[in-house]
Amino acid sequence: MRPLHYFQKPRLTAHKRYEALRMYFADKASPHEVAKTFGYQYRAFTSLVTDFKPVLPSDPLQEDPFFVTKKKGRPSSMDPPALVQTMVGFRKHDDSVEEIKGKLDTAGEKVSEHTIDSILKKQGFARLPKRSQKVQRERPHRVITAPKSEALSLVKEERFQTAAGGVLCFLPLIGHLELDVLIEQSRYPKTQTISRVSSILSFLALKWSHFRRYPADDLWCMDRGLGLLAGLNH
């Protein structure tokens, strides 16, 4: 690829948006010209311009919407060997990969299920056999302390894994039926931290999820997907 083509024919979506916006704001090109150059519909590009202005950092120290300084390594409060030993300790208690990830998330360690699975295989652990409901009930009950729930603040893009992503499919229906408006107009109790809408949607999130025995499984209270539906951090 020639350097000129790199700028004129961006392959990444974020790069394409950047070049289009730069052409509009810096080169003073018309919206029609920019849309034609980069293959946007005219309305789609004008919406892109409108959405871009609110995310511009007002403070030079704020994170740039396009350029992020990469930090070397994965942030962790544990040394890599200590983190591996923690995973091994959980597996010795017959914790699944999903259960191990839930515990690590609680400790502030952001490790993907794929990484956990790879590390356990390197440590010589085979995949856990499927456990019956009887075996699950006979396992010692482990209480996991989840972070305190609070209103979700979507400051920046976030990636997370969830075992209940299907519940998010109800969000368009909630908006269409204006359930959030009806709940807010009700007399249902609320707190200084959790609104009426979040309280009701947290119950609905559990009803719509695949979890059945909440007292026997603490992982649901740390699932980011369920929290996102209710507008809570967890």
Side-chain angles (χ1 to χ4, degrees), residues 12-14 16-17 21 40-58 62-63 65-66 68 96-99 101-106 108 110-114 133 136 143-234:
L12 300 177
T13 302
K16 178 181 176 181
R17 290 200 302 264
L21 291 169
Y40 285 107
Q41 294 292 332
Y42 173 74
R43 291 298 180 189
F45 176 68
T46 55
S47 296
L48 186 64
V49 172
T50 302
D51 295 340
F52 174 66
K53 292 179 179 179
V55 301
L56 279 175
S58 56
Q62 283 182 252
E63 186 174 300
F66 288 105
V68 179
S96 66
V97 170
E98 183 180 359
E99 289 171 327
K101 175 170 174 53
K103 290 184 175 182
L104 292 177
D105 284 347
T106 305
K110 302 302 180 183
V111 188
S112 69
E113 292 185 8
H114 176 73
Q133 292 184 357
Q136 288 280 35
V143 177
I144 302 175
T145 303
K148 183 179 180 180
S149 294
E150 58 185 20
L152 183 64
S153 177
L154 297 176
V155 178
K156 59 182 179 180
E157 180 180 324
E158 177 185 350
R159 292 186 179 184
F160 59 86
Q161 291 183 329
T162 174
V167 299
L168 300 178
C169 295
F170 286 97
L171 284 173
L173 180 62
I174 292 172
H176 177 70
L177 298 177
E178 297 185 343
L179 292 180
D180 54 328
V181 178
L182 294 174
I183 295 171
E184 193 59 43
Q185 293 174 349
S186 70
R187 295 183 178 181
Y188 192 82
K190 64 178 180 178
T191 67
Q192 292 182 345
T193 305
I194 303 178
S195 67
R196 295 185 180 94
V197 175
S198 293
S199 295
I200 294 295
L201 291 185
S202 63
F203 287 118
L204 290 177
L206 294 178
K207 287 292 185 181
W208 292 335
S209 71
H210 69 283
F211 297 106
R212 291 293 179 267
R213 295 177 60 83
Y214 307 118
D217 188 349
D218 297 307
L219 294 178
W220 59 267
C221 62
M222 290 170 290
D223 193 293
R224 297 289 280 173
L226 294 176
L228 182 60
L229 179 81
L232 299 173
N233 62 327
H234 290 83

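Not measured: the values here are computed from a predicted model. Note: hydrogens, waters and symmetry copies are ignored here, and every other heavy atom, side chains too, is used.
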Let me confirm one number: the CD1-CD1 distance from I194 to I200, rounded to the nearest 0.5 Å. 12.0 Å
CG of L48 to OH of Y40: how many Å apart, nearest 0.5 Å? 5.0 Å
With sequence neighbours excluded, give me every salt bridge (Lys or Arg N to Asp or Glu O under 4.0 Å) pair touching residues 190-200. E184-R196
I'd like to know if the side chain of K101 and the backbone of V111 have a donor-acceptor N/O pair within less than 3.5 Å. yes
I'd like to check the side chain to side chain donor-acceptor pair (under 3.5 Å) partners of S199; sequence neighbours left out, ordered by chain and number. none
One should read off an interatomic distance between E113 CD and E99 CD, to the nearest 0.5 angstrom, of 11.0 Å
Looking at CG of L204 and CD1 of I183, how far apart are the two atoms once the value is rounded to the nearest 0.5 Å? 6.5 Å
As an exercise, state the distance from CD of E178 to CG of L173, rounded to the nearest 0.5 Å. 12.0 Å
Qualifying ring-ring contact (aromatic ring centres under 6.0 Å, His included) pairs, either residue in residues 166-186, two or more places apart: F170-W208
What's the spacing between I174 CD1 and L201 CG if we round to 0.5 Å? 5.0 Å
